Student: 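Dropping the structure in here first, questions after.
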Number of protein chains: 2
Amino acid sequence: MTASIRDVARRAQVSVGTVSNVLNTPEKVSPETRERVQSVIAQLGYVRNDAARKLRNGQSHTIGLIVLNGTNPFFTEIAQGAQNRALESGYTVLVGTSNENVKRENTLLSLFAEQQVAGILVSPTGDDLSPLCHLKDGKTPVVLVDRGAANCAFSAVACDDIYGGEVAAEHLLGTGKRKIAFVGGPITSSQISDRWQGAAKAVLKVPDATLRMIETTALTVTEGKRIGQEIAKLPVEKRPDAVFAANDLVALGMLQSLVFAKDIRIPEDIAVIGYDDISYAEFAIVPLTTMRQPAEKIGATSVELLLNAIERPRDKTRQITLKPELVVRAST
Amino acid sequence: MTASIRDVARRAQVSVGTVSNVLNTPEKVSPETRERVQSVIAQLGYVRNDAARKLRNGQSHTIGLIVLNGTNPFFTEIAQGAQNRALESGYTVLVGTSNENVKRENTLLSLFAEQQVAGILVSPTGDDLSPLCHLKDGKTPVVLVDRGAANCAFSAVACDDIYGGEVAAEHLLGTGKRKIAFVGGPITSSQISDRWQGAAKAVLKVPDATLRMIETTALTVTEGKRIGQEIAKLPVEKRPDAVFAANDLVALGMLQSLVFAKDIRIPEDIAVIGYDDISYAEFAIVPLTTMRQPAEKIGATSVELLLNAIERPRDKTRQITLKPELVVRAST
DNA sequence: AAAGTTTTATGAAACGTTTAAACGCCGTCT
DNA sequence: AGACGGCGTTTAAACGTTTCATAAAACTTT
């Protein structure tokens with residue numbers, strides 16, 4: 001149906017090998033032949049068959065990326081950063097969303113394996129990294145995104161969530177707040193538990209400060225809204241005077257409920273801080289104070305590490321940790 | 001390096017054909033053989049080589065999607081809807097972002113062609129659909145997303161932007177506003193010019209109402225902010241009393257500038273309406289009135305049409321038009 | 001028991017590309 | 001004149017599947 005390298009060869013009166021050379025190593029072909037072949041290629045609208053190519057030389061120029069949530073701007077920015085960096089080196093990125101679902105993550109993983117991806121970028125859902133180790137043994141490089149590697153089995157671009165949690169809590173304490181609620185979950189995810197730990201560390205340093213955990217089932221706007229409503233229903237003395245939301249989505253949802261509760265002013269009665277600094281945090285109903293994570297940079301750096309691992313498989317794995325940064329706005 | 005179907009065959013003491021049958025048509029293989037083969041597959045951790053598979057039977061189960069802006073939630077929702085629907089039918093979606101750049105769009109197009117995608121979903125950047133026609137002649141089905149097909153060359157899932165523009169403007173006029181500014185651009189994009197036309201239609205029906213165009217270079221938050229500042233700088237009598245932003249991103253940016261201008265109240269002095277109803281519109285500093293587009297449904301429907309075209313190439317192309325819906329919030 | 005039918009397994013060809021080795025040609029050097 | 005090297009080109013094998021024609025074996029029917 002579509003023109004193949006053989007059709008081009010016939011039409012240009014050369015062998016298939018020569019056409020292939022025009023495509024891959026043009027300097028090996030004499031100028032006249034090269035031009036003749038190129039004009040036939042244009043004429044026929046020939047495009048390389050990537051499947052045959054991949055099959056022949058065993059590796060593709062595609063890398064797989066698995067994010068936790070395809071609609072969270074934090075992750076779409078990571079994806080954007082990754083794609084741009086990958087494109088620079090002639091790689092394509094296949095993006096998949098696990099929705100924090102281990103099964104879906106594994107489906108994607110085997111899909112990627114079937115595609116013979118050159119490497120995989122993954123923000124893992126659970127604590128169990130064994131499917132990934134399995135892949136690694138099979139020689140597919142893997143880089144962990146937004147997650148530290150417990151041991152040094154993987155290269156990783158981590159974000160210092162303990163530090164981030166600490167800074168966030170310190171900021172709330174610094175504005176005079178003492179009854180802090182941490183809203184996030186499920187706590188099984190290491191990002192969340194790290195942020196919690198960081199916050200706990202900061203709170204311990206202030207004698208009369210307290211920290212409590214309000215657990216969500218997912219880090220979504222809807223969950224944030226729900227928790228916000230519950231807090232608004234509480235009698236005034238039982239309410240926290242500050243909320244540390246585990247990400248901006250949750251914070252945005254909470255803001256929404258709290259703002260419309262009639263006896264709550266933000267930040268005077270309840271201050272709210274989020275995490276990630278998604279683009280919409282700035283435009284929220286009350287501009288949201290948050291811990292900025294350099295999402296694009298995370299994506300780009302991950303690709304960088306992965307390309308490294310692809311090209312020099314014997315190199316040691318590398319762990320890069322990026323620090324979040326406090327951005328103060330009206331909500332605190 | 002990695003196990004192939006031949007390794008499996010040898011280990012299971014059968015021919016390669018049989019292994020292939022176990023994989024593709026298990027009912028043709030006797031239960032004992034099948035189990036033996038399957039256990040060897042598990043043992044060896046064998047995964048199909050998709051490249052070889054594609055090569056052999058000429059078609060892949062991948063479809064390509066090109067969106068205008070990978071960070072606009074409207075498009076990420078379309079992508080989400082498309083992926084989910086595609087997954088149901090065993091297809092994978094390759095998502096690319098053109099950033100409204102014709103060159104990048106063509107790069108992606110040829111990338112997809114090399115991947116032998118089964119079909120392409122595209123929200124085209126310019127008015128020139130000839131590269132797409134070219135593809136179509138090459139028998140790759142193409143479906144236009146968020147864009148009507150001028151003639152019937154393509155199937156398309158369009159959104160009735162003229163109607164949307166009209167409803168939006170009518171709403172503003174209905175709240176007593178008379179000096180309306182349309183903020184959007186570049187006007188070359190058909191979505192934008194349709195919305196503008198719709199608005200013009202509504203304004204014409206009201207004798208003392210005026211409509212003017214303020215052109216942006218891109219539909220981004222940054223551009224919205226800039227225009228907002230310019231409007232705030234204008235002397236009061238020259239200001240519009242209502243703004244129709246061509247999408248929510250622009251609206252959000254404008255809101256940001258206008259809210260912090262000291263002598264402007266929203267919606268009393270200036271009302272703002274957006275377009276798309278991205279999830280963050282609801283949580284904006286002033287909850288944003290907007291025209292809701294059913295993004296997920298657009299994605300899912302597009303895939304539906306595309307699968308149809310893939311399976312029955314001779315069928316007539318179909319045009320589906322979805323209508324947006326007015327969502328009134330505090331900004332008007 | 002022979003002929004026919006169904007079930008199950010095999011073997012080889014083909015998909016389109018890349019690549020290493022081989023080849024022929026021409027000019028240069030001994 | 002013969003050997004040598006470069007250059008440009010061709011040839012053929014390989015990559016891992018699927019498919020289809022064929023063969024062998026196991027039942028059914030006369």
Side-chain angles (χ1 to χ4, degrees), chain A residues 1-38 40-41 44-62 90 110-111 113-118 138-139, chain B residues 1-38 40-41 44-62 90 110-111 113-118 138-139:
Chain A
M1 36 173 62
T2 96
S4 87
I5 205 174
R6 245 185 280 281
D7 302 317
V8 175
R10 198 172 321 134
R11 184 90 153 241
Q13 320 238 47
V14 294
S15 71
V16 288
T18 303
V19 179
S20 177
N21 280 333
V22 171
L23 259 24
N24 301 304
T25 47
E27 69 279 5
K28 286 195 177 175
V29 179
S30 76
E32 314 99 74
T33 320
R34 193 193 312 156
E35 271 169 40
R36 184 151 40 94
V37 171
Q38 270 160 348
V40 173
I41 287 179
L44 259 47
Y46 162 81
V47 290
R48 257 197 183 92
N49 181 327
D50 194 57
R53 199 170 188 218
K54 264 199 248 192
L55 174 57
R56 164 64 215 214
N57 46 22
Q59 52 140 11
S60 71
H61 275 196
T62 306
S110 64
L111 189 78
E114 285 184 18
Q115 303 280 342
Q116 321 284 120
V117 293
K139 300 281 184 294
Chain B
M1 34 174 69
T2 95
S4 87
I5 205 175
R6 243 185 280 282
D7 302 317
V8 175
R10 196 172 323 133
R11 183 90 154 241
Q13 319 238 47
V14 294
S15 72
V16 288
T18 303
V19 178
S20 176
N21 281 333
V22 170
L23 257 24
N24 301 304
T25 48
E27 69 279 5
K28 287 196 174 174
V29 178
S30 76
E32 315 100 73
T33 321
R34 194 192 313 155
E35 272 170 40
R36 184 151 40 94
V37 171
Q38 270 160 348
V40 173
I41 287 179
L44 258 45
Y46 163 80
V47 291
R48 256 198 183 93
N49 182 328
D50 193 57
R53 194 164 192 226
K54 266 200 241 188
L55 174 57
R56 164 65 217 214
N57 45 22
Q59 49 137 18
S60 72
H61 273 195
T62 305
S110 64
L111 189 79
E114 285 183 19
Q115 303 281 340
Q116 320 284 120
V117 293
K139 299 282 184 296

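These figures come from a predicted structure and were not determined experimentally. Every chain is numbered from 1, with letters handed out A, B, ... down the list of sequences.
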Student: Under 4.0 angstrom, heavy atoms only, what part of the nucleic acid is B:T18 near: base, sugar-phosphate, or nothing?
Tutor: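 Answer is base: heavy atoms of B:T18 come under 4.0 Å of a base.
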
Student: With sequence neighbours left out, what residues match A:T33 under side chain to side chain donor-acceptor pair (under 3.5 Å)?
Tutor: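 Side chain to side chain donor-acceptor pair (under 3.5 Å) list for A:T33, sorted by chain: A:S30.
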
Student: To the nearest 10°, let me know how far the axis at one end of the helix from C:dA1-D:dT30 to C:dT30-D:dA1 is tilted from the axis at the other, five pairs an end.
Tutor: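 That helix has its two terminal axes inclined by roughly 60°.
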
Student: Ignoring hydrogens, what is the shortest heavy-atom contact between B:Q115 and B:S60? Give both atom names and the distance.
Tutor: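 In this case the closest contact between B:Q115 and B:S60 is O-OG, 4.2 Å.
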
Student: Would one find a side-chain N or O of B:S30 under 4.0 angstrom from OP1 or OP2 of C:dT7?
Tutor: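 It does not, given that no N or O in the side chain of B:S30 lies less than 4.0 Å from OP1 or OP2 of C:dT7.
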
Student: If I take atom CD in residue B:E32 and atom C1' in nucleotide D:dA26, what distance separates them, rounded to the nearest angstrom?
Tutor: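 One finds 13 Å between C1' of D:dA26 and CD of B:E32, rounded.
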
Student: For D:dT10, take OP1 and OP2 only and decide whether either is under 4.0 Å from a side-chain N or O of A:S15.
Tutor: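 Answer yes for this pair, as a side-chain N or O of A:S15 is under 4.0 Å from OP1 or OP2.
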
Student: May I ask you to evaluate whether B:R53 reaches the phosphate of D:dT18, defined as a side-chain N or O under 4.0 Å from OP1 or OP2?
Tutor: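 Yes.
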
Student: Can you list, by residue number, the residues of residues 20-29 of chain A that have a non-hydrogen atom closer than 4.0 angstrom to DNA chain C?
Tutor: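 A:S20, A:N24, in order of number.
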
Student: Hey, does A:R48 reach any base, or is it just sugar-phosphate, or nothing, if we go heavy atoms under 4.0 Å?
Tutor: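 If one applies the 4.0 Å heavy-atom cut-off, A:R48 turns out to touch the sugar-phosphate alone, with no base involved.
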
Student: By side chain to side chain donor-acceptor pair (under 3.5 Å), which residues pair with B:R36, not counting sequence neighbours?
Tutor: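 Testing B:R36 for side chain to side chain donor-acceptor pair (under 3.5 Å), a comparison that skips the adjacent residues, returns none.
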
Student: Under 3.5 Å, is there an N or O donor on one side and an acceptor on the other linking the side chain of B:R56 and the base of D:dT17?
Tutor: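 Between D:dT17 and B:R56, which were checked side chain against base, a qualifying N/O pair under 3.5 Å is absent.
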
Student: Check A:V29 against A:N21 and note the closest heavy-atom contact, atom names and distance.
Tutor: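 It is CG2-CB, 3.6 Å.
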
Student: Taking salt bridge (Lys or Arg N to Asp or Glu O under 4.0 Å) as the definition, give me every residue that meets it alongside B:R10, ordered by chain and number, with sequence neighbours left out.
Tutor: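 Residues passing salt bridge (Lys or Arg N to Asp or Glu O under 4.0 Å) with B:R10: B:D7.
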
Student: My understanding is that only residues two or more places apart in sequence, or in another chain, count here; which of them pass side chain to side chain donor-acceptor pair (under 3.5 Å) with B:R48?
Tutor: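 Partners of B:R48 by the side chain to side chain donor-acceptor pair (under 3.5 Å) criterion, ordered by chain and then number, come out as B:N24.
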
Student: B:A52 or B:Q13: which one's nearest nucleotide on DNA chain C is closer to the 5' end?
Tutor: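 First, find each residue's nearest nucleotide; the 5'-ward one identifies B:Q13.
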
Student: If the cut-off is 4.0 Å, is B:T33 near the phosphate of C:dA9, judged by side-chain N/O to OP1 or OP2?
Tutor: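 True: B:T33 side-chain N/O within range (under 4.0 Å) of C:dA9 OP1/OP2.
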
